[in-house]
Amino acid sequence: MEKHPVECVMDTTLLHIKEMADVDTVVGKPVFSENGTIIIPLSKLGIGFVAGGAEYGQKHAAAELPFGGGGGAGMSVSPCGFLVINNGAASFLSAQPNDSLDKVLNNIPQIIREVKTALNDMNIFGDGQEDEEDFI
């Protein structure tokens with residue numbers, strides 16, 4: 001069975017979207033620095049897609065109706081930030097300087113250390129001999 005013309009329009013549009021957007025668009029190629037730090041760029045990808053068509057005119061005995069159709073796609077790529085891996089520790093450096101969630105997530109290890117110190121100062125653990133690794 002032959003494909004309907006609108007299917008051909010959709011297939012062509014989707015093929016071009018696949019060419020434009022691959023995994024390297026969202027997660028960039030790692031950059032290796034001389035001191036061993038690995039920096040991986042991360043992006044947010046938005047894609048819109050539309051295709052359509054219609055048969056028009058008047059149908060004659062054995063003739064098919066003429067077809068008119070089209071399709072289109074739009075894509076936006078926005079940088080989110082960078083995944084930075086240094087000495088086995090990973091952190092996220094946001095491209096949006098006012099992103100409060102990223103600030104909180106990046107400060108969690110420091111917050112845990114400060115809470116542990118405060119609890120040790122209040123002698124919550126008893127002898128104060130617990131290691132930081134046990135707490136985290």
Side-chain angles (χ1 to χ4, degrees):
M1 185 167 147
E2 189 175 312
K3 280 185 165 184
H4 193 277
V6 78
E7 289 181 77
C8 294
V9 170
M10 290 175 60
D11 289 344
T12 302
T13 306
L14 288 172
L15 179 66
H16 289 293
I17 289 173
K18 285 181 185 178
E19 289 173 1
M20 290 187 306
D22 61 3
V23 71
D24 290 333
T25 306
V26 178
V27 179
K29 299 214 183 274
V31 177
F32 300 91
S33 71
E34 291 178 9
N35 68 355
T37 301
I38 303 169
I39 303 167
I40 304 170
L42 301 174
S43 299
K44 179 171 62 172
L45 180 66
I47 297 177
F49 165 73
V50 64
E55 295 173 334
Y56 61 93
Q58 297 195 6
K59 189 165 182 149
H60 300 288
E64 291 185 20
L65 292 174
F67 175 80
M75 182 170 81
S76 77
V77 180
S78 304
C80 290
F82 301 92
L83 181 62
V84 180
I85 304 169
N86 188 11
N87 294 327
S91 63
F92 180 74
L93 180 60
S94 178
Q96 283 33 168
N98 295 327
D99 196 347
S100 58
L101 179 60
D102 289 332
K103 289 178 184 178
V104 169
L105 291 176
N106 281 330
N107 288 323
I108 285 177
Q110 179 64 30
I111 292 168
I112 290 174
R113 280 190 289 276
E114 289 178 17
V115 168
K116 183 177 185 312
T117 300
L119 292 175
N120 279 338
D121 289 347
M122 292 186 297
N123 204 18
I124 298 293
F125 294 119
D127 60 2
Q129 296 297 319
E130 287 77 9
D131 287 339
E132 188 172 316
E133 293 106 21
D134 295 337
F135 185 72
I136 297 177

*Near Phe82 CZ, under 6.0 Å, is it more than 12 heavy atoms from other residues, nucleotides or ligands?*
no
Membership question, hydrophobic clusters at under 4.5 Å side-chain separation (ILVMFWY): are Val77 and Leu83 in the same one? yes
Heavy-atom nearest pair, Pro79 first then Ala95, reads O-CB, 3.8 Å
dist Arg113:CZ -> Thr117:OG1 (nearest 0.5 Å) comes out at 9.0 Å
Only distances under 3.5 Å count here; give the side-chain donor-acceptor pairs of residues 6-14 to other protein atoms, sequence neighbours excluded, each with its distance to 0.1 Å.
unit_1 : atom_1 : unit_2 : atom_2 : d
Glu7   : OE2    : His4   : N      : 3.2
Asp11  : OD2    : Lys3   : NZ     : 2.2
Thr12  : OG1    : Cys8   : O      : 2.9
Thr13  : OG1    : Val9   : O      : 2.9

Original post:
Do Ile47 and Val50 belong to the same hydrophobic cluster, where Ile, Leu, Val, Met, Phe, Trp and Tyr are linked whenever their side-chain heavy atoms lie under 4.5 Å apart, directly or via other members?
Top reply: no
With the 4.5 Å side-chain cut-off for hydrophobic clustering, are Ile38 and Phe92 part of the same group?
yes
Heavy atoms from other residues, nucleotides or ligands near CG of Asn87 exceed 12 (cutoff 6.0 Å): no
In short, Gly28 meets Ile40 closest at the heavy-atom pair O-CG2, 3.7 Å
Go through it in stages, so that I can follow the logic: the residues are Val27 and Leu42, the test is side chain to side chain contact (heavy atoms under 4.5 Å, CB included), and I'd like the CA-CA distance, side-chain angles, deciding distance and then a yes or no. CA-CA 5 Å; Val27 179; Leu42 301 174; 4.0 Å; yes
Applied to residues 66-94, the salt bridge (charged side-chain N to carboxylate O under 4.0 Å, His left out) test, sequence neighbours excluded, yields none
Value for CD1 (Ile85) from CD1 (Ile39), rounded to nearest 0.5 Å, stands at 10.0 Å
